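First up is the structure itself, then whatever we jot down about it.
Remember, predicted model here, so these are calculated numbers, not experimental data. Chain naming here is simple, since letters A, B, ... match the order of the sequence lines and numbering starts at 1 in each. Basis for what follows: all heavy atoms, side chains included, without hydrogens, waters or symmetry-related copies.
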Amino acid sequence: MEIPKAYSPKEAEDKILALWRKSDFANPDTCVKKGVTKEDAKPFSIVLPPPNVTGTLHMGHAAMLAIEDILIRFHRMQGYKTLWLPGTDHAAIATESKVEQTLYKTEGKTRHDLGRPEFLERVEQFAKESHDAILHQIKKMGASLDWSREAYTLDEERNLSVRTAFKRMHEGGLIYRGNRIVNWDPKMQTTVSDDEIEWKEEKASFYYLQYGPFVISTARPETKFGDKYVVMHPKDKRYKQYTHGQKIELEWITGPVTATVIKDEAIDMEFGTGVMTITPWHDTTDFEIAERHNLDKEQIIDLKGKLLPIAKEFAGMHITKARPLIIQKLQEKGLVKKIDENYVHRIATNSRGGGIIEPQIMRQWFVDVNKPFTFPHAGFKSVKKGELISLKDLMARVVKKKEIEILPKRFEKTYFHWIDNLRDWCISRQIWFGHQIPVWYRELKTEKKIGFHENVVPQVFAGKTKTYRLRDHEFEIGDKVLFENSQQREIFGGGEITNIQITTVEKIDLKDPLHGTTYKRQDELIAAFKRHYPERKVTSKTEVFVYTYRLIAGKDGQELFVGTETPKGERWTQDTDTLDTWFSSGLWTFSTLGWPEKTKDLKTFHPTSVLETGYDILFFWIARMILMTTYLVGQVPFKTVYLHGLVRDDKGRKMSKSLGNIIDPLDMITKYGADATRLSLIIGAAPGNDIKISEDKVRGYRNFVNKVWNISRFLAMNTQDFTSKRKPVLSASDKKLLNDFSKLTKEVTKNIGFFRLSQAAETLYHYTWHTFADKIIEESKKLLENQKTRASRQYVLLTIFADLLKLLHPFVPFVTEELYQQLPVKNRKESLMIEQWPV
RNA sequence: GGGCUCAUAGUUCACUGGUAGAACGCUUCGUUGACAUCGAAGAGGCAGUAGGUUCGAUUCCUACUGGGCCCACCA
């Protein structure tokens, strides 16, 4: 048979893809069934970071697919029970935003014009088409994923996982509904998480305003209407004549106000005049100051960005329009002291295609990351069952104790730093596309009390009187106490508690939630308590009470139900909000394996072996997976995190439409083949470092692939007469070649094992081209002419090449498979991908 | 403001406590039977600057300079 002079990836790749699809060795069950993998083989599993259904495959995806496929093929060939599980992400806010934009452009309609059901239908339609396109692209890369297990964050099974997760975290008191300051996007009309905010710098005017005896400064005068607190640092000598709580009458934007002096250490004395007024409703720092001092909070701007009646004559105006008018008025009143025109203002924008963020205090659902809870799972290395720990500490601990290894190591620092700054995670969104929050409400018709939520929380009260104080509230044992929502949260760490029953320790089971131990005596409990709350003063006279609290009804006289299915009974309506897309992504390693069912897959493949992704989603995704998985499953989601860099153009710039420097992986595959595309993303890429890529680079590796092809061609032409029946007597130099190759094998194996894929690929590249082709084959030309040395040399060439194909296979699966199928080896298997890795 | 990271050949990047490596590019020559998607030979680096540790530093440490990235509530 005539072998073409050059390798043609186009023809070969489709043929090989068909072969792989048919043989189905990406499915570990098939491998076991066909005797490729032992039933009790060690598992090796990776879940594919699910690409967004909105997108098309870009070079970043291609790099991810190449890296993971190498790891997967390598382990499969080594005999592991190997699973690489594919799926896609609905990417709630990004997808919805995209569809909304298209809808507006083509039909001039908003989602509200269509209504929820019809709008969602459109989104699903779009997602479906996009999904098919991206799947096609993934397959083209040669990714040996097990498509029989494909998952989608929004399919029925994942939906159940999400609802179950929500329910369990709520039961555990780690999900609560509360009024807190959140990032509100007035354009998309939804909240946005802290991590999805993109800060942009903008030149703005900076105003110095006379506020009674003080000069305050602001870039946002439109928020200043409600300012009735003036804050300064307690140690600021310039203002020592003012005392905390002092009232000052002054003239302000729309008339006289009474200002109250507040001393707080959050103030930077160096900045401006060292005095500021606060707007707790629309600024995070201000909110926290107000919380500390129990100050009033007042909304100034509505959810559409318009001023509320508090702004008097400016009410109803959009803030951007009102700003110059407010300044004009202040100028007329002589309250503007100075305007700095060169101020650089940092504005928060919604990175998922939304508008400028306006902080608002809103009632939303949150994950409580600080509340200590009793760890419910046994068999976990770094946390004991019954141990009291917060989600935040849990996340830090599993990495600190090396249950999860992050590569490259430097990202561990970044990870810890992020955790230190972590606040409660707002998980509710007001968009429509996503998992609707599994909470149902209904009005209470009677005062019927419904048990909903029980928990046990230890609390220390000093003193012996029968009345106890909690914050500003007094109550006695057995009292039913109604708390303001924002206050009780700190004490109980979540939930919507309207009714509290206090019981002394003697009256209930003395189960110490600190350690899950039951204490018979109060002093034992106190001792345990002291260990966990060293900052609280506990003396021998302190009484420790454990009280139970029970939610009788939701706050607004509503009954509330949290569960995986619509509750029985009438008049229930489901919460209209949807969950942050990362909530479902956080479950990905186990929701894809069938959780909450106790499936065989879950048992076999979880924790997964490696999580491989770009470092840009360390916080969004990896951190959240660790949070959700440790709590819900009691396992780490993965043992190793391998982070690759971002793919950039040859000048190191991000690829973007506006720069016109996007290299489409599919184009590269069409032009140079998938193998070359893969290699170009592997070689020269150190873990965690950005990868620069250019068409030239891909072209270079196409040449390499062709080189491999021609080596095989040479062998085919020169070994036709070789009979593999008997091993010939080998010359010393031939033995040495085999020995050298064995060293190479060890080196490559070691490097892949340590995730040094670039190193492994380079070594192979170099050996294949400059040793095997340039040296060994060149010298073989003579040896093959000599009948004395011919057989030995043929044997050596074929033996090395057969194994070389195996070593190369994870990196360049197509050409190696194609050549393997042509190779005259004995016992050829159905596919190279199930050949045994050389040792 | 805090943190991380990079600086090595024209370019992109590795390895390494012992007087520097690869790929691409470049130069010259060669090659019509494995491959021009090729081969051989070659040019090209005071390893950002200044110190320190060391018998010895490109490698370890410190400072500086200049890039890049991430985080942060300076109103």
**Message:** In terms of relative ring orientation, are A:Tyr795 and A:Phe722 parallel, tilted or perpendicular, with 30° and 60° separating the classes?
**Reply:** tilted
**Aromatic plane relationship, A:Tyr211 with A:Trp252 - under 30° parallel, 30 to 60° tilted, over 60° perpendicular** = perpendicular
**Item:** Note: A:Asp424-A:Lys392 ion pair, threshold 4.0 Å (strictly below)
**Value:** no
Using a cut-off of strictly less than 4.0 Å, decide whether [X] has a side-chain nitrogen or oxygen near OP1 or OP2 of [N].
X: A:Arg702; N: B:U37; result: no
X: A:Lys707; N: B:G39; result: yes
X: A:Asn703; N: B:C38; result: yes
X: A:Lys5; N: B:U37; result: no

Between [N] and [M], how far is it from one [atom1] atom to the other, in whole Å?
N: B:U32; M: B:C38; atom1: C1'; result: 13 Å
N: B:G42; M: B:U5; atom1: P; result: 40 Å
N: B:G10; M: B:A50; atom1: C1'; result: 28 Å

**Request:** Among A:Trp709, A:Tyr765, A:Tyr7, A:Tyr672, find the residue that satisfies the ring-ring contact (aromatic ring centres under 6.0 Å, His included) test when tested with A:Phe704.
**Result:** A:Tyr765
Distance-only donor-acceptor pairs under 3.5 Å for side chains of residues 212-220 of chain A, two or more places apart:
unit_1	atom_1	unit_2	atom_2	d
A:Thr218	OG1	A:Arg220	N	2.8
A:Arg220	NE	A:Glu222	OE2	3.2
A:Arg220	NH1	A:Glu358	OE2	3.1
A:Arg220	NH2	A:Glu222	OE2	3.4
A:Arg220	NH2	A:Glu358	OE1	2.8
A:Arg220	NH2	A:Glu358	OE2	3.3

Scan [X] against the nucleic acid and name what it touches under 4.0 Å (heavy atoms): base, sugar-phosphate only, or nothing.
X: A:Ala685; value: nothing
X: A:Ile777; value: base
X: A:Asn718; value: nothing

**Asked** Between the side-chain atoms of A:Gln759 and the base atoms of B:A22, is any donor-acceptor pair under 3.5 Å?
**Response** no
**Prompt:** Which base sits across from B:U65 as a Watson-Crick or G-U pair, both distances under 3.5 Å?
**Reply:** B:A7
**Message:** Checking base pairs now: Watson-Crick or wobble, both atom distances under 3.5 Å. What partners B:A22?
**Reply:** B:U12
**Prompt:** Can you name the closest pair of heavy atoms from A:Glu695 and A:Ile663 and give their distance?
**Reply:** N-CD1, 4.1 Å
**Item:** For A:Ile181 against A:Pro280, the heavy-atom pair lying closest together
**Value:**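 Heavy atoms of A:Ile181 and A:Pro280 come nearest at CD1-O, 3.5 Å.
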**Request:** Let me have a per-nucleotide readout for nucleotides 24-29 of chain B, 5' to 3', with B, S or -, counting only protein heavy atoms under 4.0 Å.
**Result:** S-----
**Complete:** Reading nucleotides 68-75 of chain B from 5' to 3' and marking B where a protein heavy atom lies under 4.0 Å of the base, S where only the sugar-phosphate is that close, and - otherwise, the string is --SSBBBB
**Asked** When you look at NZ of A:Lys671, are more than 12 heavy atoms from neighbouring residues, nucleotides or ligands closer to it than 6.0 Å?
**Response**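 At most 12 heavy atoms, drawn from other residues, nucleotides or ligands, come within 6.0 Å of this atom.
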